[in-house]
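Here the structure is a predicted model, which is why all the values come from computation and not from measurement.
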Amino acid sequence: MTELTRPIRRLLGRQPATAAAAGGAVPMERPAREEPRSDPSVTVDIAESDPLLAYLQSAPGPVDLARLELDSPAVRDLRAAGVALVVPLVSQGELIGTLNLGPRLSEQDYSTDDRRLLTTLAAQAAPAIRVAQLVREQAHEAAERERLEQEMRVATLIQQQFLPRNLPALPEWQIAAYYGPARAVGGDFYDFIEMPGGRIGIAVGDVTDKGVPAALVMARTHSILRAEASRSESPGAILARANELLVPEMPARMFVTCLFAILDPATGRIVLANAGHNLPYVRTDAGVTELRATGMPLGLMPGIRYDETEGVIEPGNNVLLYSDGLVEAHDPAREMYGFPRLRDEITAVDDAGSELLDRLLDTLHRFTGPEWEQEDDITLVTLRRAAGVSDSSASSDASAILTAFSIPGEEGNERLAMDRVAAAVDGLGLAPARLERLKTAVSEAAMNAIEYGSQGQADVPVDVTVETTAESIVVRITDRALSGTVPDDAEAPDIERKLEGEQKPRGWGLFLIRNMVDSMDVTTDGDTQTVTLTMAREEHRDG
């Protein structure tokens, strides 16, 4: 309870200063009697069940404790502290504190005028004290919210460290991934793990909860899978060992669904085991199939065995791994998105990489509507093996696809294209100066494709393919040609003539590209336009 005892006692016991200043007689103070000291300012807590609380709530004015007949622990404590009079502080019908006063220094009882003054003072002080209490509570709540927000920011940052920073750059493969938590942190995860022989371990998982508890379990599961993948080349054995380690640590009513696959990029062979997760979809020329494997979720019970299934991702096939946040989303009428709708979307258009992910997310948002509140974490991973893959035993004159990917058609993504092309040709022995020229040409060509082809629209992607032969590197950049073909200025740019207005202000891009690479070709079929850049792996010295 709020205590104002000492200010009140000083006010009531102070002699008028004006009398002394005017030279008037000041009454002599009588020597104080030796009596037990009282301290009415001692804090006394009143329990919710104490009858004094209800009494003070309805009291019309100051309460004389000496005359109060109430079986109350708080009354006994107040009397023991020397409190003689309690003035309730009530604001909007709520008791927010008390004024506790000891006996008067004159040893007289509190008069009617004294009680009237105290009642008036309480009526004015109670609202002010209530405002101060609210301000203090709001400041405390704001500090607590800031602390929680800071903790969530840290948790989000930590969780992001568990997600792959870069996707594998595999020749002849297009790989894309999307992760969208329902809250600041979530329980979904995906991972790519390098394994012996150039193979890649692929994990996709979902913890049965959201928020910080799920994120903690996710982090633990992620670490276990990585550790076990370094000790075993069997997806079933990896999941079985992870289950044994998670069972004693798993919180009540929580478990993890997880799919673990090992892919051999050279042959397309994939071996996977499944711990209660959604089955992957594979799109082929014949339709959409599932890679079937069964097993109990991780963390439920010990001694579980996980069967393995094996298949081959043929050239042109597309694989989708996903969590149930997509299929279990609901529209405003509470209809579920569902597996059939997802299967139809995969069947409808043969999109690859980020194009497929973008289309699925667009379809989801149209289904759920603009007011949708995401119910669960969403994770999507796609693997696309390029069509027409050349056999590794083919002659050295044949071309091989180093990488193929798509970038959203919005400004700034030309640097993403440049960096991924540079990563793909790394290790081919291209001289540093020639590599920088190739990167500049790719950046300029991608910028033109974004500006003219996609018109800056993120949902209109730009496709990039990098091939190599024994003699050269070939980069093809394809856009959707929404605004027609990129202007091709046959005339070499002249800065003076441009300033004079005799040449268009544009025209540097293609001129620069042509002078950065050994050859550049532009082809179009009306719907798409492709800029082909060719750079010899070794510079010709004959001019």
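- The residues E345 and R359 are annotated as salt-bridged, a charged nitrogen and a carboxylate oxygen being separated by less than 4.0 angstrom.
- The side-chain contact (heavy atoms from CB on, under 4.5 Å) search around P251 returns V217, M254, not counting sequence neighbours.
- The existence of a salt bridge linking R480 and D463 is confirmed by a sub-4.0 Å separation between a basic side-chain nitrogen and an acidic carboxylate oxygen.
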Would you sort out whether Y322 and Y281 count as a ring pair (Phe, Tyr, Trp, His ring centres under 6.0 Å), showing the intermediate values? CA-CA 9 Å; Y322 59 97; Y281 283 127; 5.7 Å; yes
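- Exactly one residue among V466, T465, V475, I175 makes a side-chain contact (heavy atoms from CB on, under 4.5 Å) with T403. That residue is V466.
- Side chain of N413 to backbone of P408: a donor-acceptor contact under 3.5 angstrom is found.
- Taking all atoms of both residues into account, the shortest heavy-atom contact from L239 to L298 is O-CD2, 3.5 Å.
- W173 contributes a side-chain N or O that, together with a main-chain N or O of P265, makes up a donor-acceptor pair within less than 3.5 Å.
- Counting only N and O atoms by type, the side chains of D191 and H222 include a donor and acceptor under 3.5 Å apart.
- Side-chain contact, E308 with S234: a donor N or O sits under 3.5 Å from an acceptor N or O.
- Electrostatic pairing of R434 and D518 counts as a salt bridge here, judged by a charged N lying under 4.0 Å from a carboxylate O.
- Side-chain contact between V474 and S472 is present, with heavy atoms from C-beta onward closer than 4.5 Å.
- Within the 3.5 Å criterion, the main-chain N or O of T368 finds no donor-acceptor partner in the side chain of D331.
- Across every non-hydrogen atom of M516 and M535, the tightest pair is O-CE, 3.3 Å.
- Looking at E194 and R226, no side-chain N of the basic residue comes within less than 4.0 Å of a carboxylate O on the acidic one, giving no salt bridge.
- For the pair R476/V531, no side-chain contact is recorded, criterion being any heavy-atom separation below 4.5 Å from C-beta on.
- Minimum heavy-atom separation, E355 to S406: OE2-OG, 3.1 Å.
- When every heavy atom of I477 is checked against every heavy atom of A446, the shortest pair comes out as CD1-N, 4.0 Å.
- Looking at R385 and E172, no side-chain N of the basic residue comes within less than 4.0 Å of a carboxylate O on the acidic one, giving no salt bridge.
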Verify side chain to side chain contact (heavy atoms under 4.5 Å, CB included) between L225 and I238, making sure each step is shown before the conclusion. CA-CA 7 Å; L225 290 175; I238 292 171; 4.0 Å; yes
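- For F367, the ring-ring contact (aromatic ring centres under 6.0 Å, His included) partners are Y337, not counting sequence neighbours.
- One finds no salt bridge joining R420 and E414 here, because no Lys/Arg side-chain nitrogen approaches an Asp/Glu carboxylate oxygen to under 4.0 Å.
- Without hydrogens or angle criteria, E290 side chain to R292 main chain gives no donor-acceptor distance under 3.5 Å.
- Surrounding CD of E310 are more than 12 heavy atoms belonging to other residues, nucleotides or ligands, all under 6.0 Å away.
- Counting only residues at least two apart or on different chains, no ring pair (Phe, Tyr, Trp, His ring centres under 6.0 Å) pair has a member in residues 426-450.
- In terms of modelled atom types and a separation under 3.5 Å, the side chain of S230 and the main chain of A227 share a donor-acceptor contact.
- Not a single donor-acceptor pair under 3.5 Å links the side chain of E249 to the backbone N or O of G299.
- Counted by atom type alone, S323 and D188 present one or more donor-acceptor pairs between their side chains at under 3.5 Å.
- Between R241 and E244 there is no salt bridge, since no side-chain nitrogen of the basic residue lies less than 4.0 Å from a carboxylate oxygen of the acidic one.
- Of all non-hydrogen atoms in V464 and A417, the two that sit nearest each other are CG2-CB, 4.4 Å.
- Closest non-hydrogen pair, E375 versus R334, comes out as OE1-NH2, 3.7 Å.
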